[in-house]
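I have placed the structure first, in the form of structure tokens, so that the comments after it can refer back to it.
Residue numbers begin at 1 in each chain, while the letters A, B, ... track the order of the sequences. Quantities reported herein were computed from a predicted structural model and do not represent experimental measurements.
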Number of protein chains: 2
Amino acid sequence: MNIDVIVSHINSYVTLNEEEVRALSSSLISKTIKQGELIVESGEPARYMIFMNAGYVMTYYTDKDGFDHVIQFASTGWWSGDLYSLSENKPTIYSTRALSAGEVLLFPKAAQDQLLDKYPKFERYFRILFHNALMRLQFRIIENYSATAESRYLSFRERFPGMEQHVSQKHIASYLGITPEFLSKTRKKLQQQ
Amino acid sequence: MNIDVIVSHINSYVTLNEEEVRALSSSLISKTIKQGELIVESGEPARYMIFMNAGYVMTYYTDKDGFDHVIQFASTGWWSGDLYSLSENKPTIYSTRALSAGEVLLFPKAAQDQLLDKYPKFERYFRILFHNALMRLQFRIIENYSATAESRYLSFRERFPGMEQHVSQKHIASYLGITPEFLSKTRKKLQQQ
DNA sequence: ATAAAATCTTAACCTGGTTCAAGATCTTTC
DNA sequence: GAAAGATCTTGAACCAGGTTAAGATTTTAT
């Protein structure tokens with residue numbers, strides 16, 4: 001199992017010693033993913049945090065009318081998954097689906113709890129991780145309010161380089177909070193300029 | 001200084017012993033706030049996390065055209081402030097302003113770092129705090145996409161009971177991502193039903 | 001108490017984005 | 001490799017919410 005990516009990610013916030021690396025390594029489950037595969041399905045309790053070793057996934061919410069709302073994309077070096085139910089042990093309302101072939105590291109809730117209990121460094125790592133995610137999300141809310149769909153699209157392309165090749169336009173549209181039709185028009189307009 | 005509210009808040013996630021309570025207590029600075037007072041101004045580096053002991057505050061972002069975008073309200077028992085610059089020590093882009101008289105507990109960055117180093121329980125507490133805030137924010141993004149301005153307004157009233165009396169309509173409108181005029185129309189429509 | 005300033009309301013008009021529908025392209029499957 | 005299914009594009013009609021402006025109400029300062 002290749003743990004280089006996750007270890008160097010964690011080490012950018014804290015410094016793990018050998019024991020901690022070993023403990024982490026033995027907590028993780030490697031899983032190869034196929035394009036289109038459903039990694040977590042809404043309705044079941046989420047059991048893992050998901051770290052991307054390679055490939056692309058998206059997390060989305062299906063509303064009462066059956067429409068999907070993409071809330072997050074993730075590629076190599078990002079965490080994904082359904083934070084909600086991990087802590088509460090309730091069924092998650094989010095699904096996570098592979099957008100390409102790749103490999104994920106599954107980090108089971110029980111192992112995470114153990115690691116958090118034993119090595120405070122992981123508490124720190126996750127505190128900082130959540131803190132940063134929180135700030136990014138606050139920024140996204142501001143962006144959604146103050147920016148037009150066109151500039152949100154441009155900002156999506158900047159923030160997720162290469163992602164566009166792996167995601168269907170309807171999912172990008174969903175992430176941006178617009179219809180596929182309008183995204184199509186927006187792209188055409190941008191090309192013509 | 002009254003630390004009952006903050007201690008019972010923290011104890012809902014972890015269990016502090018006497019020493020930890022004492023250490024926390026000596027880290028906090030009590031501050032009485034007046035209505036309209038600017039507690040943190042954008043442009044300066046944020047030095048504190050802010051815990052509400054009593055009263056109401058809002059955190060907002062001023063865009064390049066001079067328009068304010070309210071990103072958060074807080075009342076008794078909530079944390080507030082500008083997470084962004086605390087970690088990076090860069091000037092914050094957010095301002096925090098008192099909406100009523102009250103009392104806040106200021107938690108200086110340096111003291112927080114010390115506490116986090118010495119007592120892993122605080123790492124855990126803040127990890128969970130940020131985790132929960134993150135989930136709430138994810139939910140708010142979904143709500144913004146799938147719900148109409150009217151239902152967001154109703155949901156604001158539910159989630160912040162009593163807040164409406166302390167906040168001007170233009171700030172509520174800003175939080176909801178609509179214009180004050182449209183909020184005015186919406187409220188009228190709701191009254192007539 | 002009164003003037004000045006800020007906020008809130010109402011109304012007419014405007015626009016970014018939606019909806020619906022039809023055709024064009026790309027993907028899967030047998 | 002043809003048929004069926006998705007996805008993507010285009011256009012026309014439509015609507016939620018924005019903009020502007022003017023008057024009404026509330027708050028603040030003197």
Side-chain angles (χ1 to χ4, degrees), chain A residues 34-38 56 58 60 62-63 65-70 73 97-101 141-157 163-193, chain B residues 34-38 56 58 60 62-63 65-70 73 97-101 141-157 163-193:
Chain A
K34 285 182 233 152
Q35 178 168 7
E37 182 179 347
L38 201 55
Y56 299 87
M58 69 175 182
Y60 59 97
T62 306
D63 71 19
D65 302 319
F67 292 106
D68 292 347
H69 301 272
V70 177
F73 294 113
R97 189 181 293 274
L99 295 167
S100 73
I141 286 197
I142 290 172
E143 195 178 41
N144 287 173
Y145 281 163
S146 52
T148 172
E150 180 176 322
S151 84
R152 271 180 282 148
Y153 169 62
L154 291 172
S155 136
F156 158 82
R157 289 208 303 200
M163 182 72 76
E164 203 167 5
Q165 278 68 47
H166 295 90
V167 192
S168 69
Q169 269 181 226
K170 71 173 193 179
H171 290 136
I172 297 173
S174 167
Y175 176 80
L176 297 175
I178 58 177
T179 56
E181 291 91 339
F182 192 68
L183 178 54
S184 180
K185 283 170 205 179
T186 302
R187 295 181 76 191
K188 193 184 174 193
K189 191 181 149 212
L190 285 169
Q191 275 177 332
Q192 285 171 345
Q193 278 168 10
Chain B
K34 286 182 234 158
Q35 179 169 6
E37 183 179 347
L38 202 55
Y56 299 88
M58 68 175 185
Y60 59 97
T62 305
D63 70 20
D65 301 319
F67 292 104
D68 292 347
H69 300 271
V70 176
F73 293 114
R97 189 181 291 274
L99 296 166
S100 72
I141 285 199
I142 292 172
E143 193 177 44
N144 287 172
Y145 281 164
S146 52
T148 170
E150 181 177 322
S151 84
R152 270 181 282 148
Y153 169 61
L154 292 171
S155 135
F156 158 81
R157 289 208 303 199
M163 182 72 77
E164 205 167 4
Q165 278 69 48
H166 296 90
V167 191
S168 70
Q169 268 179 227
K170 72 171 191 179
H171 290 136
I172 297 173
S174 166
Y175 176 80
L176 296 175
I178 58 177
T179 57
E181 291 89 342
F182 191 67
L183 178 53
S184 184
K185 277 184 222 178
T186 303
R187 294 180 78 190
K188 192 184 174 193
K189 192 180 148 214
L190 285 169
Q191 275 177 332
Q192 285 170 344
Q193 280 167 6

Next on the checklist: Can you tell me if A/T179 touches the phosphate of C/dT18, counting only side-chain N or O atoms and a distance under 4.0 Å to OP1 or OP2?
Outcome noted: yes
Next on the checklist: Checking contacts here: which listed nucleotide (C/dC8, D/dG18, D/dT7) is nearest the side-chain heavy atoms of B/S168?
Outcome noted: C/dC8
Item to check | B/K185 NZ - D/dG18 C1' separation (whole Å) | outcome: 8 Å
Next on the checklist: Need one value for B/G36: base, sugar-phosphate or nothing, where a base atom within 4.0 Å counts as base even if backbone is also close, heavy atoms only.
Outcome noted: nothing
Item to check | Residue whose nearest DNA chain D nucleotide is more 5′ - A/S184 or B/A147 | outcome: A/S184
Checklist outcome for this item: B/K189 atom NZ is separated from C/dC8 atom P, nearest whole Å, by 21 Å
Checklist entry - Between A/L183 (CG) and C/dG16 (C1'), how many Å, whole number? => result 14 Å
Next on the checklist: If I take atom CD in residue B/Q191 and atom C1' in nucleotide C/dC8, what distance separates them, rounded to the nearest angstrom?
Outcome noted: 12 Å
Checklist entry - Relative to the ring of A/F73, is the ring of A/Y175 parallel (under 30°), tilted (30 to 60°) or perpendicular (over 60°)? => result tilted
Item to check | Whole angstrom value for the distance that separates P of C/dT10 from CZ of B/F182 | outcome: 14 Å
Next on the checklist: Regarding B/H171 and B/S174, do their side chains bring together a donor and an acceptor under 3.5 Å, going by distance alone?
Outcome noted: no
Item to check | Rounded distance (Å) that lies between atom P of D/dC8 and atom CD of A/Q165 | outcome: 13 Å
Checklist outcome for this item: The answer to which of A/E181 and A/T148 contacts DNA chain C further toward the 5' end, by nearest nucleotide, is A/T148
Item to check | Any side-chain heavy-atom pair of A/M163 and A/F156 under 4.5 Å | outcome: yes
Checklist outcome for this item: Separation of D/dG17 atom P from B/K170 atom NZ, nearest Å, is 22 Å
Checklist entry - B/E164 and B/Y153: side-chain donor and acceptor closer than 3.5 Å? => result yes
Item to check | Atom-to-atom span, CD1 of B/I172 to C1' of C/dT9 - whole angstrom | outcome: 15 Å
